[in-house]
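In what follows, chains are A, B, ... by sequence order, proteins preceding strands, each numbered from 1.
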Amino acid sequence: MDAYDRITRNASEVVTEDEVRTLAESPDGKRAYVGYEPSGVLHIGHMLTATKLIDLQEAGFEVTVLLADVHAYLNDKGTFEEIRQTAERMKEQFIAYGLDEEQTEFVLGSEFQFDREYTLDLHALELNTSMSRAERAMSEIKSGETVKVSQAVYPLMQALDIVYLDVDLAIGGMEQRKVHMLARDTLPSIGEDSPTCLHTPLIADLGSGVGKMSSSKGVTISMEDSTEDIEQKVNSAYCPPTADPEPDDEGNDRENPVLQIFEYHVFPRFETVVVERPEKYGGNLEYDDYESLAADLESGELHPADAKGALANYLDELVAPGREKIRQATQ
RNA sequence: CCGCUCUUAGCUCAGCCUGGCAGAGCAGCCGACUGUAGAUCGGCUUGCCCCCCGUUCAAAUCGGGGAGAGCGGACCA
């Protein structure tokens with residue numbers, strides 16, 4: 001796999017393709033970053049962008065993980081003390097998940113976001129941004145039902161972080177795209193370049209296949225889950241024998257979350273996937289890539305129940321090291 | 001600073017006028033049927049009715065005070 005393919009594997013969009021191609025020409029030493037609001041427990045949404053960071057490290061990038069304590073504070077996620085305590089635990093879980101400790105720089109937002117120069121640049125961006133634009137950028141991210149002024153500042157700081165962390169490629173889930181587009185539009189107003197961005201897909205709701213999996217409501221998978229939790233959650237997941245399900249009765253588009261997790265979480269981390277299957281149903285199956293597994297599910301060769309069993313096993317393997325970290329931390 | 005509206009189950013809301021066991025839809029959970037899930041059937045759960053005080057035999061409902069949210073207006077030498 002060449003550098004460009006490795007960088008863009010499983011991305012739902014890059015902005016812009018030309019800019020990423022330029023980066024891919026000499027990826028060594030290029031810098032990428034993702035920012036996370038510290039939440040204490042790493043869940044499958046974090047894991048998706050983390051997998052992308054691992055791709056980038058393998059392509060030669062230096063990776064920075066921003067533990068965005070100030071952002072979490074501005075987004076009404078708790079007191080500063082609470083947030084900073086969870087940040088440290090989150091860092092350990094990222095390493096347990098597979099980020100290379102040597103190649104990954106963890107930065108706390110509060111380490112540089114209170115600097116005088118940063119603050120002045122922030123005010124300059126505020127002057128160049130309308131309330132409605134900032135609010136729109138936050139529509140997929142904000143917590144609570146009331147828009148706070150702090151939440152209008154939030155996306156502008158995210159734009160500035162890209163400058164201050166000297167980032168060549170900004171990574172985020174698709175829910176971050178409006179923030180990144182705001183950054184591209186507004187950073188030139190203070191004499192900075194528009195950042196290059198890469199967005200990862202969002203996994204559909206595990207139970208229904210409709211909309212986006214959410215950690216706040218509905219079912220998610222996290223490093224807190226036991227093997228039994230994972231088996232139970234995967235087993236009750238929506239999984240028709242196709243990658244392209246019909247819309248539901250209300251006309252909502254549906255995805256197959258089981259296949260999505262194979263595609264975005266399992267195959268990027270495992271060379272081959274073995275589906276254990278009773279002799280009665282034809283014995284074990286082995287896959288080297290997502291496409292052949294999806295094709296077998298589509299044809300009926302692979303039954304969803306067997307696919308789920310395999311998915312639970314591999315997910316458990318991905319979660320196990322982080323689970324162990326949590327276990328140690330709570331003793 | 002003034003005025004108006006809203007607050008009831010996880011969600012959207014009805015009930016309030018005219019006081020009398022706390023409701024519906026959706027969601028969720030459990031079974032049946034499918035070698036998964038979903039769909040379909042059958043069953044079940046869910047509450048600080050925003051808070052405090054008062055009236056009353058009895059308050060989600062009436063009165064007073066307060067909080068939160070939404071909207072409008074005024075002030076602007």
Side-chain angles (χ1 to χ4, degrees), chain A residues 39 43-45 74-79 130-132 134-136 138-152 201-222 224-267 273-287 290 292-317 319:
Chain A
S39 73
H43 59 66
I44 196 166
L74 293 174
N75 203 18
D76 214 4
K77 294 295 177 62
T79 67
S130 72
M131 276 304 277
S132 64
E135 202 173 321
R136 190 153 51 94
M138 287 296 284
S139 61
E140 305 293 323
I141 300 173
K142 69 166 191 287
S143 71
E145 52 197 26
T146 307
V147 191
K148 306 285 176 64
V149 172
S150 60
Q151 290 167 329
L202 302 177
I203 304 281
D205 179 76
L206 201 56
S208 67
V210 176
K212 307 297 176 271
M213 193 188 299
S214 160
S215 54
S216 49
K217 63 182 175 114
V219 177
T220 189
I221 288 167
S222 81
E224 268 181 341
D225 288 329
S226 67
T227 301
E228 294 72 28
D229 290 337
I230 291 172
E231 284 170 353
Q232 186 268 325
K233 287 176 180 181
V234 170
N235 185 40
S236 44
Y238 173 71
C239 185
T242 176
D244 191 20
E246 294 295 309
D248 70 7
D249 292 342
E250 284 144 27
N252 299 311
D253 283 341
R254 284 193 283 201
E255 304 290 334
N256 185 324
V258 170
L259 281 181
Q260 286 184 318
I261 296 172
F262 267 116
E263 183 174 17
Y264 300 126
H265 288 282
V266 176
F267 279 101
V273 169
V274 175
V275 176
E276 294 175 17
R277 193 166 65 169
E279 283 305 322
K280 168 169 94 164
Y281 295 124
N284 291 2
L285 293 166
E286 193 169 321
Y287 299 100
Y290 166 73
S292 51
L293 182 147
D296 270 8
L297 189 81
E298 196 84 42
S299 73
E301 171 62 26
L302 172 62
H303 191 277
D306 296 321
K308 283 180 172 181
L311 182 63
N313 289 340
Y314 285 96
L315 265 184
D316 188 58
E317 199 168 325
V319 160

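- Across all strands shown, B/G31 forms a Watson-Crick or G-U wobble pair, both distances under 3.5 Å, with B/C41.
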Item to complete: Decide side chain to side chain contact (heavy atoms under 4.5 Å, CB included) for A/Met131 and A/Val147; before the verdict, give the C-alpha distance in whole Å, the side-chain angles of both, and the deciding distance to 0.1 Å.
Response: CA-CA 10 Å; A/Met131 276 304 277; A/Val147 191; 5.8 Å; no
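- With A/Lys77 contributing its side chain and A/Ser143 its backbone, the two residues share no donor-acceptor pair below 3.5 Å.
- Between the C1' atoms of B/U34 and B/U40, the separation comes to 11 Å (whole Å).
- In this entry B/C50 has B/G66 as its Watson-Crick or G-U wobble partner, both defining distances falling under 3.5 Å.
- Atom C1' of nucleotide B/U36 and atom CG of A/Leu259 are separated by 12 Å, given to the nearest angstrom.
- Residues A/Ile261 and A/Leu206 meet the side-chain proximity criterion, which asks for heavy atoms closer than 4.5 Å.
- Using atom C1' as the reference point in both B/C48 and B/C44, the two lie 24 Å apart (nearest Å).
- The separation of B/C57 from B/G70, taken at their C1' atoms, amounts to 39 Å, rounded to a whole angstrom.
- In this structure, B/C75 makes no Watson-Crick or G-U wobble pair, since no nucleotide meets both defining distances under 3.5 angstrom.
- Annotation: B/U56 and B/C13 have their C1' atoms spaced 30 Å apart (nearest Å).
- Computed from coordinates, the A/Lys233 NZ to B/U36 P distance equals 22 Å when rounded to whole Å.
- Of the candidates B/G35, B/G38, B/U36, the closest approach to any side-chain atom of A/Arg254 belongs to B/G38.
- Across B/C51 and B/A14, the matching C1' atoms stand 23 Å from one another, rounded to whole Å.
- Using the Watson-Crick or G-U wobble rule with both distances under 3.5 Å, B/C26 pairs with B/G10.
- Nearest heavy-atom pair across A/Asp225 and A/Val319 is O-CG1, 4.1 Å.
- In this structure, B/C17 forms no base pair with any nucleotide, since neither Watson-Crick nor G-U wobble geometry is met with both distances under 3.5 Å.
- Separating the P atom of B/G47 from that of B/A60 is a span of 16 Å, rounded to the nearest Å.
- In terms of polar N and O atoms assigned as donor or acceptor, the side chain of A/Asp306 comes within less than 3.5 Å of the base of B/G35 in a complementary pairing.
- Atom CG of A/Asp205 and atom P of B/G28 are 9 Å apart (whole Å).
- To the nearest whole angstrom, the two C1' atoms, one in B/U61 and one in B/G20, are 11 Å apart.
- Classified by interplanar angle (parallel below 30°, tilted 30° to 60°, perpendicular above 60°), the ring pair A/Tyr290/A/Phe267 is perpendicular.
- Across the interface with RNA chain B, nearest-nucleotide mapping of A/Asp249 and A/Pro241 shows A/Pro241 to be the residue nearer the 5′ end.
- Shown here, B/U61 forms no base pair; nothing in the strands shown gives a Watson-Crick or G-U wobble contact with both key distances under 3.5 Å.
- Side chains of A/Ser150 and A/Asn75 form no contact here, defined as non-hydrogen atoms less than 4.5 Å apart.
- Between A/Asn252 atom CG and B/A27 atom C1' the separation is 14 Å, expressed in whole Å.
- Atom P of nucleotide B/U36 and atom CD1 of A/Ile230 are separated by 22 Å, given to the nearest angstrom.
- Distance noted for atom P between B/C49 and B/A22: 10 Å (whole Å).
- The CG-P distance, from A/Asp253 to B/G38, rounds to 20 Å in whole Å.
- Under the stacking criterion of a centre-to-centre distance below 5.5 angstrom and an interplanar angle below 30°, A/Tyr238 is not stacked against the six-membered ring of B/G38.
- Rounding to whole angstrom units, CD of residue A/Gln232 and C1' of B/C30 are separated by 13 Å.
- One atom, CG of A/Leu297, and another, P of B/G35, lie 16 Å apart when rounded to the nearest Å.
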